[in-house]
Number of protein chains: 2
Amino acid sequence: MEKVEPLAAGAPSVRVDQVLETATRLFTERGYDAASIRDLAAALAMRPSSLYHHFPGKQHILFAICFGLQSDFNAAVMPLFHQGKGPVETIQDVLGEHIRFSLARRGEVLVNTRERRSLPPELRAQVNRLRRAYRDALVAVIEQGRRQGLFSVEDPKLAAMAVFDMVNGMFQWFQARDQADVERVAKTYVDAAVALLRGWGRRYTLTNAR
Amino acid sequence: MEKVEPLAAGAPSVRVDQVLETATRLFTERGYDAASIRDLAAALAMRPSSLYHHFPGKQHILFAICFGLQSDFNAAVMPLFHQGKGPVETIQDVLGEHIRFSLARRGEVLVNTRERRSLPPELRAQVNRLRRAYRDALVAVIEQGRRQGLFSVEDPKLAAMAVFDMVNGMFQWFQARDQADVERVAKTYVDAAVALLRGWGRRYTLTNAR
DNA sequence: ACTTCGAGCGAACGATCGTTAGGGAGCGGG
DNA sequence: CCCGCTCCCTAACGATCGTTCGCTCGAAGT
């Protein structure tokens, strides 16, 4: 017989997931500092001390949310960079998945962007490493597209940050009602990013196709 | 003889400005919740209780920073909407001043974006009213440009938010070293916004002028 | 000279914070 | 049958939070 709960490395453990779910909701609603351990315990119908059997402290709950989300994000998006497609198609694939993934897990995304700063330096650095890996890959594709004359940006890093900020800013105020909503806004923002990368700093003549 | 300090309405009062300056720095460094009244008083070489002779409470210090900044912002930017220029030029003027102003007062901008959520609803609403006035004016100009065939965006509100988020996201990570730095990034982002509004959802042929 | 008043002080208030110590109920394995 | 383990409990710890009270001091006004 195998053990009921291996608990080896990052084993899920239903109760832990419940804690993380509720914590994500509270952290988005009130912010990390304003949401107390007692609030979290009350929302889970347990005592504050019981939480310390699952997590060594409050900061580690925040870390589990941020690092877990960012790991899943990279696992979902990073493979799309190496599919042998051209820069434009790669950007479209990556950014589309970026948006779809982030809207599907919007709560964790908001916690990761708004409350990550409350992590102690060494934990925050672990999350930032993953974020930087994604951003660097995005910069590399833009740089590749620039060399091929597809994009007209001067500074690929700046362009990547601009696209990044535009998308991440959207998650703050946009909430999808259904999957069609997700697909619509994904397509719209992917188009916006491509338009930005193509037209930045270029003089062009427009043709009203379609 | 006139009184040394009229203290009429929103009179500056050197000491109050010192408090706001130091509070802005502490709030940006540690966040509103993590920066305590005692920290602020210590940085000002005074006792916590003395702060309550200038402000009725901690939240009002945050409000003074956010509302003061947003008022000055609107006073600097809103007039540029009514100068009789075309949509493209108006967008360029407004966004350029938006960036220049925000970089000149970056600390307050960061507090206003990151910590405004910690304000009680009625105070936060006062700041949001000013922000909405600016955003609505931006939407109106984009809508005007769309009717004139200058912009190709489908939803002016969405386009305004995208440009808005792109610029505001930049303030989070970009720090200007000198005025030339400011002018360079202002020009770059204004070009990016125009490229976005022109090329969004359009098929076009490019010409590599200059 | 007497009053007024802004400004700051020391001390303390009650509340709430994250965290810990220690114990008990349930349960599967030897 | 009892050991050990997981999970949760009650109770409380020390620290820190925003805020208040009553006082002093010096400059300005009359």
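Naming convention: chains lettered A, B, ... in sequence-line order (proteins, then strands); numbering from 1 in each chain.
Every pair passing side-chain hydrogen bond (donor to acceptor under 3.5 Å, both in side chains) that includes a residue from residues 153-166 of chain B is listed here, sequence neighbours excluded: Trp173(A)-Asp165(B). For residues 41-63 of chain B, the set of pairs meeting the ring pair (Phe, Tyr, Trp, His ring centres under 6.0 Å) definition, not counting sequence neighbours, comprises Phe63(B)-Phe67(B). Each ring pair (Phe, Tyr, Trp, His ring centres under 6.0 Å) pair with one or both residues in residues 17-43 of chain B, not counting sequence neighbours, appears once here: Phe27(B)-Tyr32(B). Within the structure, every pair that satisfies the side-chain hydrogen bond (donor to acceptor under 3.5 Å, both in side chains) test and touches residues 67-84 of chain A, not counting sequence neighbours, is listed here: Gln70(A)-Asn74(A), Gln70(A)-Asn112(A), Asp72(A)-Arg105(A).
Taking every heavy atom of residues 117-125 of chain A and every atom of DNA chain C, no pair lies under 4.0 Å. Of the residues in residues 38-57 of chain A, those placing a heavy atom less than 4.0 Å from an atom of DNA chain C are Arg38(A), Ser49(A), Tyr52(A), Gly57(A), in numerical order.
Taking the side-chain hydrogen bond (donor to acceptor under 3.5 Å, both in side chains) definition, one finds that Thr28(A) meets it with nothing, sequence neighbours left out. Every residue two or more places apart in sequence or in another chain that forms a side-chain hydrogen bond (donor to acceptor under 3.5 Å, both in side chains) with Arg184(B) is listed here: Asp181(B). Taking Arg47(A) as the reference, nothing meets the side-chain hydrogen bond (donor to acceptor under 3.5 Å, both in side chains) condition, with sequence neighbours excluded. Every residue was checked against the side-chain hydrogen bond (donor to acceptor under 3.5 Å, both in side chains) condition with Gln148(A), not counting sequence neighbours, and none meets it.
What separates NZ of Lys58(A) from C1' of dC17(C) is a distance of 8 Å, to the nearest Å. The CD1 atom of Ile37(A) sits 16 Å away from the C1' atom of dA15(D) (whole-angstrom rounding).
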Please tabulate, one pair per line, all N/O donor-acceptor pairs under 3.5 Å involving side-chain atoms of residues 125-138 of chain B, not counting sequence neighbours.
residue	atom	partner	partner atom	Å
Asn128(B)	OD1	Arg116(B)	NE	3.2
Asn128(B)	ND2	Arg124(B)	O	3.4
Tyr134(B)	OH	His98(B)	ND1	2.7

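Not one side-chain nitrogen or oxygen of Arg15(B) sits closer than 4.0 Å to the OP1 or OP2 atom of dG6(C).
End-to-end axis angle of the helix from dA1(C)-dT30(D) to dG28(C)-dC3(D), using five pairs per end and rounding to 10°, comes to 0°.
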Can you check salt bridge (Lys or Arg N to Asp or Glu O under 4.0 Å) on Glu29(B) and Arg25(B), steps first, answer last?
CA-CA 6 Å; Glu29(B) 287 173 1; Arg25(B) 185 171 53 82; 3.7 Å; yes
